[in-house]
Amino acid sequence: MRLDPALAALAASTKGFMPDDEAAALREAAATAAPGVWLEIGTYCGKSTVHLGAVAAARGSHLVTVDHHRGSEENQPGWPWHDQSLVDPGSGLLDTLPSLRRTLADAGLERTVSVVVATTQQVARWWTTPLTMLFLDGNHTEEVAQHDYTAFARHLVPGSILAVHDVFPDPRDGGAPPWHVVQRAMREGAFTPVGEHGSLRLLRRNRMPLQVS
Ligand code: MG
């Protein structure tokens, strides 16, 4: 699905870590997901949220996006992906929530997207809603990447789409935990690969029950 030019320009100017070609592949996959509730793990300033939200709006889906908005390890001071302009001068902490809210308002997506400000561990305590699309792009440590898969992939209904970002089978290209998540999803037999583009992997949920190990 093509983004209208105004939304494409907004997404391009929004801070984040998703190249345009991967965003296009994410939109294409989302366009095949059934209408329903879609979940994005890892919001940051909302770049991919604009891409997914635009498709959700067109499909009659509702997108929930989860982030604690304090940044991952690599966003903290002294790390290469730190952005001082995203520090809240009051608390001295990274805070990407104001940028996200501006992005969603500018995109006209506030009715399509619910913003959840929480860790995924907090959300896992209460989340019960079946999902037709899940985009995993949160904290990339092994512990949290595995947690997020365990906590949320179980809610994907048969035929739904699982997208995983920052998948690098070769460790020279990037961190391994998202790749381990994809390997686990394949090993557990509940998903079939339906596409890959750059570091984005796309899988479709099979009909068999999900055995989360
Ligand atoms: Mg990412």
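Each ligand, and each atom within it, is numbered from 1 in the order the structure gives. This is a predicted model, so every value here is computed, not measured. Computation of the quantities below employed the complete heavy-atom set of this structure, encompassing side-chain atoms and omitting hydrogens, waters and symmetry-equivalent molecules.
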State the atom name: nearest N, O or S atom of [X] to the Mg ion (ligand 1).
X	result
Asp137	OD1
His165	ND1
Asp166	OD2

Using the rule side chain to side chain contact (heavy atoms under 4.5 Å, CB included), only one of Val37, Ile41, Ile161, Val164 pairs with Leu134; which is it?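 Among Val37, Ile41, Ile161, Val164, the one that satisfies the side chain to side chain contact (heavy atoms under 4.5 Å, CB included) with Leu134 is Ile41.
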Is the closest side-chain donor-acceptor distance between Thr119 and His68 under 3.5 Å?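 Checked: Thr119/His68 side chains show no N/O donor-acceptor pair below 3.5 Å.
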Parallel, tilted or perpendicular: which one describes the rings of Trp127 and Phe152, with boundaries at 30° and 60°?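 Because their plane-to-plane angle is over 60°, the rings of Trp127 and Phe152 count as perpendicular.
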Mutual orientation of the aromatic rings belonging to Tyr44 and Phe17 [parallel < 30°, tilted 30-60°, perpendicular > 60°]: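 Ring orientation of Tyr44 relative to Phe17: tilted.
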